[in-house]
Amino acid sequence: MSDFSATKFGRCWSSLEFGKQPHRNQVVSETVHGAQLAAAAQSANCVTCVEENKACKCGKDTEVLNLQSEHRANATSSFTHSVINMIGMLIGLGQLSTPYALENGGWSSVFLLVGLGVMCAYTSHIIGKCLEEDSSSKTYQDIGQQAFGAKGRIIASTFIYLEIFFALVSYTISLSDNLPLVLSGVHAHLSWLPLSASQLLTVVAVLVALPTLWLRDLSSISFLSFGGIVMSFLIFVTIACTAAFGGVRGNHSIPLLQLRKIPGISGLYIFSYAGHIVFPNIYIAMKDPSKFTKVSIASFAIVTMLYTALAFMGAKLFGPAVSSQITLSMPPHLIATKIALWATVLTPMTKYALEFAPFASQLEHKLPCTMSSRTRMVIRGSVGSILLLVILALALSLPYFEHVLSLAGSLVSIAISLVFPCAFYLKICWPQVSKPTVVLNGVLIVLGALLGVVGTISSSKALIQSIQSGHSR
């Protein structure tokens, strides 16, 4: 199952970030973000072309033919396997906040949740159309460049890195919130370090995960990706078991609609569907890419049903008291709760290496060719470790999970999952696009931009207010 991928570094630059993998059918999903790692490791000799506006020295024409032949040989994912990959990638951190979002937005906001699922399924479909139009495009950035040239690639890459950054911060906040409940009997304190017990435990957990950033073995990274997927499904199953057998008799009424909170929760909903940057990997890994649209419909239908069920279960069980992470509201004495908390804590620790792989790969390939592999590894691991510690400090300073996640969804995910695919599709396939389709995509672009702007303003204000109130205590 996977996370990030691409093929030549400009064509060359992109391949170092999200490149072509040797095991596409095994490494194609999870967060946004490990799948692009495999090609980075295979593109070691590629020259940085696009950024410096130089001619590529990679033997482009011959390489494209070779890649196309190799793709057909390596494309082994069946329809079922592709659906599993896409579902596994979509279900992640966002599922924790769906009950909170439904409770705060009102039960009628489920139409927004379902509507966004339908729209994202459609944009997944048109990503497949863009890839079908140009067989040399292998990644989300390739599609951006195909549509708008080098600027399109730069914009797509920038938003992808922003999404990775926000995901890492959100995972670390989630780790900090859930870890004290998992280790409730542990009282950590250092007199010379002005940190609370939960903050200190989070620091220790991140330090434990730090060595994974030094991993270069692809099988190890893939194992971490698979572990993250298992944890995500485990969380859903334990919440369902709590609702069915946990003895919680909550039957709270859910408000009809709280319009003023819709901008904020729209970011939470759209984050739950984020993952379009990995869909090209799923497409090119399929034995029969013509079934990609059916894969998208099946995957988003299943995920939307799971999110809807989870949202109503959590909101009905806990009502206004439901936390921004459903695991924090579950009865602490239940075994299912303990399993869910452990899964929530272990999930971030499986994600750090996957999320950092694109950064680390590009950094390593920019180092001088004469540098020894050991020195490269030290620089790669050191920079990754420093960045993770910076993210740790930021997460401990901004422990407001719902506001950070909402900001990530409104500022970044809605652009990647809704606005950009429509714009790319119109630009690439304009001669074949009918007038109704032009109108549809135009409406989606406007709607996505509106939700993004309003949601970003709303979540930013809420985050600032939370920071101010936290400092005034």
Can you give me the closest heavy-atom contact between [X] and [Y], atom names plus distance?
X	Y	answer
Ser296	Ala121	CB-O, 4.1 Å
Leu175	Pro348	CB-CG, 4.1 Å
Gly117	Thr304	CA-OG1, 4.0 Å
Ser78	His81	OG-N, 3.2 Å
Ile265	Ala101	CD1-O, 3.6 Å
Ala298	Phe79	CB-CZ, 4.4 Å

Are any of the side-chain heavy atoms of [X] and [Y] separated by less than 4.5 Å?
X	Y	answer
Leu113	Leu102	no
Ser174	Gln325	yes
Leu407	Tyr400	no
Tyr425	Ile143	no
Asn281	Asn85	no
Val383	Ile386	no
Cys422	Ile126	yes
Val412	Phe165	no

Hey, what do you get for [atom1] ([X]) to [atom2] ([Y]), rounding to the nearest 0.5 Å?
X	Y	atom1	atom2	value
Leu451	Met119	CG	CE	7.0 Å
Ile91	Leu310	CD1	CG	9.5 Å
Met86	His276	CE	NE2	8.0 Å
Ile297	Ile302	CD1	CD1	12.0 Å
Leu116	Ile414	CG	CD1	6.5 Å
Asn441	Leu418	CG	CG	9.5 Å

Quick one: does any side-chain atom of [X] pair with a main-chain N or O of [Y] as donor and acceptor, under 3.5 Å?
X	Y	value
Ser266	Pro263	yes
Thr98	Gln95	yes
Gln141	Ala156	no
Ser176	Thr172	no
Ser385	Gly381	yes
Ser109	Leu112	no
Tyr140	Ile416	yes
Thr123	Cys120	yes
Gln145	Ser137	no

**Message:** Show, in sequence, the C-alpha distance, side-chain angles and deciding distance for Ile326 and Tyr100, and conclude whether the side-chain contact (heavy atoms from CB on, under 4.5 Å) test is met.
**Reply:** CA-CA 7 Å; Ile326 183 64; Tyr100 171 86; over 6 Å; no

Tell me, please, which residues at least two apart from [X] pass ring-ring contact (aromatic ring centres under 6.0 Å, His included).
X	value
Phe292	Tyr283
Tyr307	Tyr273
Phe236	none

**Message:** Quick one about Ser97 and Glu402 (side-chain donor to acceptor, distance below 3.5 Å, no hydrogens or angles considered), yes or no?
**Reply:** no

**Asked** Side chains of Gln432 and Glu133: donor-acceptor distance under 3.5 Å anywhere?
**Response** yes

**Prompt:** Counting heavy atoms not belonging to Lys427, are there more than 12 under 6.0 Å from its NZ?
**Reply:** no

**Asked** Could you go step by step and tell me if Ile173 and Val404 meet the side-chain contact (heavy atoms from CB on, under 4.5 Å) rule?
**Response** CA-CA 9 Å; Ile173 294 173; Val404 173; 3.8 Å; yes

**Request:** Describe, in one word, how the ring planes of Phe420 and Phe159 are oriented to each other, choosing from parallel (under 30°), tilted (30 to 60°) and perpendicular (over 60°).
**Result:** perpendicular

**Request:** Go through Phe279 and Ile282 one step at a time and tell me if the side-chain contact (heavy atoms from CB on, under 4.5 Å) criterion holds.
**Result:** CA-CA 5 Å; Phe279 292 170; Ile282 297 176; 4.1 Å; yes

**Fill in**
Given the options Val390, Leu394, Leu396, Leu388, Leu392 meets side chain to side chain contact (heavy atoms under 4.5 Å, CB included) only with Leu396

**Request:** Report the residue from Thr327, Thr347, Thr202 that forms a side chain to side chain donor-acceptor pair (under 3.5 Å) with Asn178.
**Result:** Thr327

**Item:** Trace of the side-chain contact (heavy atoms from CB on, under 4.5 Å) decision for Ile445 with Leu426
**Value:** CA-CA 11 Å; Ile445 290 173; Leu426 289 178; 4.2 Å; yes

